[in-house]
Amino acid sequence: MSIQVRNIQKQFGAFTALDDISLDFPTGELVALLGPSGCGKTTLLRIIAGLEQADSGQVLLDGEDASGTHVRDRQVGFVFQHYALFRHMTVFDNVAFGMRMKPRRERPSEKQIAQKVHELLNLVQLDWLADRFPSQLSGGQRQRIALARALAVEPRVLLLDEPFGALDAKVRKELRRWLRKLHDDLHITSIFVTHDQEEALEVADRVVLMNHGHVEQIGTPEEVYRHPATPFVYGFLGAVNFFHGRVEGDGLRVGDDHLNHAAGSFGQGAEVVAFARPHELDIVVDGAAGQGIAARISRILAFGVTARVELDGLNGATGQHFEVELTRERVSELSLEEGQSVRLLPSRLSIFEQSHAATAGAGK
Amino acid sequence: MAGATTLHLGGDQATRFESRAATRETPLVKWLILGTALSFFTIFLLMPLIAVFIEALRKGWETYATALIDPDALSALRLTLLAAVIALPLNLVFGVCAAWAIAKFEFRGKHFLITLIDLPFSVSPVIAGLIYVLVFGAQGWFGPWLSEHDVKIIFAVPGIVLATVFVTFPFIARELIPLMQAQGKEEEEAAIVLGANGLQTFWHVTLPNIKWGLLYGVILTNARAMGEFGAVSVVSGHIRGETNTLPLHVEILYNEYQFAAAFAVASLLALLALVTLGIKTWVEHRAAVAYRNSQDDAS
Amino acid sequence: MSATKTFRVLPGFNLTLGYTLGYLSLIVLIPLAAVFLKTAELSLDEFWNVVTAPRVLASYKLSFGMSLLAAAINAVFGLMLAWALVRYSFPGKKLIDALVDLPFALPTAVAGISLTALYAKNGWFGQYLDPLGIQVAFKPLGVLVALVFIGLPFVVRTVQPILEDLDTELEEAATSLGARRWQAFRHVILPILFPALLTGFALAFARAVGEYGSVIFIAGNIPMVSEITPLMIITKLEQYDYAGATAIATVMLLLSFILLLIINGLQAWTAKRTGRDR
């Protein structure tokens with residue numbers, strides 16, 4: 001089933017949680033709502049579920065306006081952040097709950113319920129835990145039970161609120177793969193909320209990036225990572241270096257230094273911010289003055305596959321820190337040392353207008 | 001005001017403090033504190049309790065038994081039970097409703113409402129009796145109307161029930177509100193998403209989660225309802241065999257210098273208090289176990 | 001836009017809140033309002049004469065004085081008892097912990113006659129105290145004893161959970177910084193306990209001021225000497241002086257409201273100080 005939201009607006013007092021959000025979630029896709037905490041992603045998910053009401057706007061399920069439909073009748077499966085398993089019921093009773101709550105004439109017989117519960121427990125590979133109580137389960141097991149419980153009512157869509165948020169790193173990775181596989185088997189339209197960019201990029205078909213109640217960008221994981229549409233997205237998806245500067249001639253002036261990168265559509269003298277990922281910066285030890293950004297190496301971390309060089313800005317960029325990723329061969333070739341003054345040359349720069357970039361909080 | 005009567009779930013953790021050098025006193029200081037605290041406890045709390053039972057049996061078992069099966073004592077017992085049996089469900093329904101509204105929803109004036117619910121705790125029991133005299137008494141608001149229709153509230157059973165309801169008013173609500181607030185509403189929301197209706201959600205999801213707190217509140221309500229003296233004294237009229245509750249009966253016997261009989265009836269009430277404390281400790285223990293189980297993160 | 005402002009996922013809000021407000025009004029608010037309306041029948045002069053009559057003034061002095069003293073005694077010894085219950089292991093501890101709540105559970109009339117049996121001239125304690133010239137029963141001291149009894153659980157039960165939550169690391173840090181045991185208590189533990197201690201004190205005080213059942217037996221109710229304020233209300237009622245009784249009740253109610261506000265403030269302060277939610 002497809003989900004559409006149209007012009008959703010939501011205020012909490014003076015705080016705007018969602019500002020005119022319109023989105024399409026096509027049938028069968030697994031979509032991630034990604035953003036920092038407080039960006040409105042959970043609120044949007046709860047509005048789609050019917051757990052929260054928008055101040056204005058519509059939620060369309062299969063093209064039908066569901067705004068007036070009670071959450072009970074929306075046929076959505078919702079997996080809560082802390083699972084909300086009924087702690088006084090066994091795993092079996094938890095999964096059976098939705099079926100048992102149906103009006104008598106729609107309710108399956110206990111035998112049918114038992115069969116269905118075991119089917120679902122097999123699906124999440126936890127049939128052997130049927131008689132346990134939630135407190136006796138590990139976090140990852142609780143998560144899968146919560147999912148089985150949501151699936152028991154045969155939902156048309158599956159909504160997951162920070163599904164891996166409360167798990168430790170190892171379990172989290174396992175479950176991610178498992179959820180992706182489950183989705184490939186079931187093909188239920190699914191939306192999950194996360195603040196972890198790696199999780200979103202790895203699991204989802206599409207990623208919706210949100211910030212301050214706005215949608216910043218929608219796209220496949222590759223699109224959003226490769227071509228961030230806004231400074232915020234740039235900063236949020238991975239480490240980033242940025243330079244404040246002014247368009248001058250056919251390049252940028254950053255403090256006393258100059259970068260030879262075409263500034264695209266920006267006019268002469270425009271205040272801009274340029275972004276480069278750590279691997280898009282190179283270090284030159286003998287660069288001409290004014291070419292590239294002057295910086296001093298503060299630390300070299302060469303224990304991984306690639307080496308990371310941390311630098312402090314000089315001249316116009318005093319007080320700023322930069323991070324460069326180089327191959328280890330390149331580091332030894334340059335024979336870099338801590339305390340050495342060098343110049344940074346970007347191989348690729350994304351340039352945004354100054355005012356627009358104010359929201360790039362995650363930049364280094 | 002219920003600060004001291006809410007369910008609290010601390011286990012014994014003295015060893016945590018005793019095993020560390022920095023949180024340990026010198027033996028002298030320790031025994032000084034322990035000795036003082038226990039003497040204080042014994043003089044002001046334990047002795048009065050023991051005195052009740054010893055004074056009750058001073059004239060032997062026979063006097064004791066006679067005092068208890070005296071018709072006036074029995075009718076006082078009946079009225080005491082009746083008042084408790086009426087007050088309890090009324091305040092139970094109120095407590096659950098108030099806790100549901102306050103814990104599961106956001107609305108303005110919530111804190112003020114909680115303060116108002118606490119009000120009966122901070123009002124002197126004598127005033128609790130007085131207010132019903134002012135409303136229903138012969139010179140009260142409804143007095144003339146009531147006497148015209150031959151309905152007696154003050155100096156009759158309904159007045160006693162009303163006074164009992166008033167003094168036990170906040171107990172259950174006060175117990176449930178913080179408990180339900182702490183539990184949040186995620187489980188209830190999950191039940192609704194899974195298709196349960198309101199009553200199903202309350203019955204299958206909320207109630208099992210609050211049962212210990214509810215029981216705790218019921219026990220406290222019951223103890224206070226059966227033991228209330230001041231408020232009931234004002235509205236009772238002390239008519240023997242008719243409007244006397246057990247605590248009032250104790251007073252009458254005592255004022256008639258029938259000390260052994262007074263203490264015999266009093267010992268019955270003291271026994272009730274001990275049973276209450278026993279159940280209360282058991283409930284605390286069960287609630288603590290349930291709480292630990294639910295918090296126990298196996299991951 | 002089909003959104004309504006009253007949208008709620010969980011049902012029953014209007015029903016439960018409506019019932020709560022209705023029941024609260026019927027049982028508590030409207031009857032309490034009767035006190036103020038009845039008092040309003042008196043002129044200001046009459047009111048003033050009733051509430052400042054010498055016998056009534058003496059009762060305020062006794063009630064408030066002894067309540068303050070009893071609460072203070074409970075603050076000191078209650079803290080020690082809570083400390084012993086949390087920090088030391090000793091035989092019978094569980095039983096004592098459970099019995100601390102006895103004053104809540106024991107009917108006040110029972111406590112009253114029992115305390116009288118202990119402290120009367122020929123009573124268990126009285127027979128030893130009397131030769132020393134200490135008279136408890138039928139004297140202000142008797143009122144104090146009863147008020148200490150009924151206020152005992154408040155301080156213990158407000159301080160105990162805070163003590164249990166105390167991180168041993170705090171004291172270890174204090175010790176490692178060179179603090180002596182007493183200094184650690186005075187400068188580290190006591191400031192943390194203080195809001196709870198004060199709350200317990202206020203709760204004990206509020207309870208003591210209104211207390212009736214446990215006091216009247218041991219007090220002997222001698223005018224100008226051992227009459228408490230709640231008893232003054234009863235006395236007026238027995239003389240069918242409803243307006244007089246109500247006037248004194250008004251004074252007590254106003255005090256109760258003020259105390260309630262102070263206690264709520266204190267509890268919020270405790271919660272804030274210790275990071276506990278209620």
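Just so we're clear, the structure is a prediction, and the values are computed from it rather than from any experiment.
Interatomic distance, C:Leu24 CG to B:Cys97 SG, rounded to the nearest 0.5 Å: 12.5 Å. Note: B:Leu119 CG to C:Leu32 CG = 5.5 Å, rounded to the nearest 0.5 Å. For the atom pair CZ of B:Phe121 and CG of C:Leu259, the computed distance is 15.5 Å after rounding to the nearest 0.5 Å. The NZ atom of C:Lys38 sits 6.5 Å away from atom CG of B:Leu134, with the distance rounded to the nearest 0.5 Å. Atoms CG and CG, from B:Leu220 and C:Asp101 in turn, are 8.0 Å apart once rounded to the nearest 0.5 Å. Here the straight-line distance linking atom OG1 of B:Thr36 with atom CG of C:Leu81 works out to 11.0 Å at 0.5 Å rounding.
The minimum heavy-atom distance linking B:Ile127 with C:Met252 is given by the pair CD1-CB, 3.7 Å. Pairing each heavy atom of C:Val110 with each of B:Ala270, the nearest pair is CG1-CB, 4.5 Å. Residue C:Ser256 comes nearest to B:Val123 through the heavy atom pair OG-CA, 4.4 Å, listed as atom of the first residue, atom of the second, then distance. For the residue pair B:Ile33 and C:Tyr88, the shortest heavy atom distance occurs at CD1-OH, 3.6 Å. Minimum heavy-atom separation, B:Trp100 to C:Pro11: NE1-O, 3.0 Å. Minimum interatomic distance between C:Ala105 and B:Ala223 (heavy atoms only, all atoms of both residues): O-CB, 4.4 Å.
For the pair B:Val29 and C:Arg181, the minimum side-chain heavy-atom distance is 4.5 Å or more. Between C:Ile96 and B:Leu38 the shortest side-chain heavy-atom distance falls below 4.5 Å. At least one side-chain heavy atom of C:Ile216 sits less than 4.5 Å from a side-chain heavy atom of B:Glu251. Residues C:Tyr23 and B:Val93 are not in side-chain contact: their nearest non-hydrogen atoms beyond the backbone lie 4.5 Å or more apart. In this structure, C:Ile30 and B:Trp141 have side chains that are in contact, with non-hydrogen atoms separated by less than 4.5 Å. Between B:Phe17 and C:Leu163 there is no side-chain heavy-atom pair separated by less than 4.5 Å. Residues B:Leu45 and C:Pro103 meet the side-chain proximity criterion, which asks for heavy atoms closer than 4.5 Å. The shortest side-chain heavy-atom distance between B:Phe259 and C:Ile113 does not fall under the 4.5 Å cut-off.
Taking chain B as the reference chain and counting heavy-atom pairs below 4.5 Å, the highest number among C:Leu102, C:Val156, C:Leu237 is found for C:Leu102. Heavy-atom pairs under 4.5 Å with chain C peak, among B:Lys185, B:Glu188, B:Glu228, at B:Glu188. No other option in C:Ala33, C:Ala98, C:Ala84 has as many heavy-atom pairs under 4.5 Å with chain B as C:Ala98. The residue among B:Thr26, B:Thr115, B:Thr281 with the most heavy atom pairs within less than 4.5 Å of chain C is B:Thr115. When each of B:Met47, B:Glu189, B:Met226, B:Arg224 is checked for heavy-atom pairs under 4.5 Å with chain C, B:Met47 comes out on top.
Panel note: side chain C:Tyr242, backbone B:Leu130; no donor-acceptor pair is recorded below 3.5 Å.
Neither the backbone nor the side chain of C:Ile248 comes within less than 4.5 Å of any heavy atom of chain B. Interface remark: C:Phe125 contributes side-chain atoms only to the contact with chain B (heavy atom separation under 4.5 Å). Heavy atoms of C:Leu106 lying under 4.5 Å from chain B belong to its backbone as well as its side chain. Looking at C:Thr199, there are no atoms closer than 4.5 Å to chain B (heavy atoms on both sides), in backbone or side chain. Both the backbone and the side chain of C:Ala249 come within contact range of chain B, each with at least one heavy atom under 4.5 Å from a heavy atom of that chain. If you measure heavy-atom distances from C:Thr246 to chain B, the contacts under 4.5 Å come from both the backbone and the side chain. With a 4.5 Å cut-off on non-hydrogen atoms, C:Leu255 does not touch chain B at all. For C:Val145, the parts lying near chain B are the backbone and the side chain together; criterion is any non-hydrogen pair under 4.5 Å.
Taking the six-membered ring wherever Trp is involved, the centroid distance between the rings of C:Phe77 and B:Phe44 does not fall below 6.0 Å.
Ring orientation note: the planes of B:Phe107 and C:Phe13 are tilted relative to one another, at an angle of 30° to 60°. Ring pair C:Phe217/B:Tyr254 is perpendicular by interplanar angle, where above 60° counts as perpendicular and below 30° as parallel.
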* **Residues B:Lys30, C:Phe90; criterion side chain to side chain contact (heavy atoms under 4.5 Å, CB included); working and verdict** => CA-CA 11 Å; B:Lys30 175 180 167 175; C:Phe90 52 91; over 6 Å; no
* To do: Tell me, with the steps shown, if B:Thr276 and C:Phe104 meet side chain to side chain contact (heavy atoms under 4.5 Å, CB included).
  => CA-CA 10 Å; B:Thr276 300; C:Phe104 289 140; over 6 Å; no
* **Full working for side chain to side chain contact (heavy atoms under 4.5 Å, CB included) between C:Leu17 and B:Leu113** => CA-CA 10 Å; C:Leu17 187 66; B:Leu113 179 61; 3.9 Å; yes
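Under the 3.5 Å distance criterion, with hydrogens and angles disregarded, no donor-acceptor pair is assigned to the side chains of B:Gln139 and C:Tyr240.
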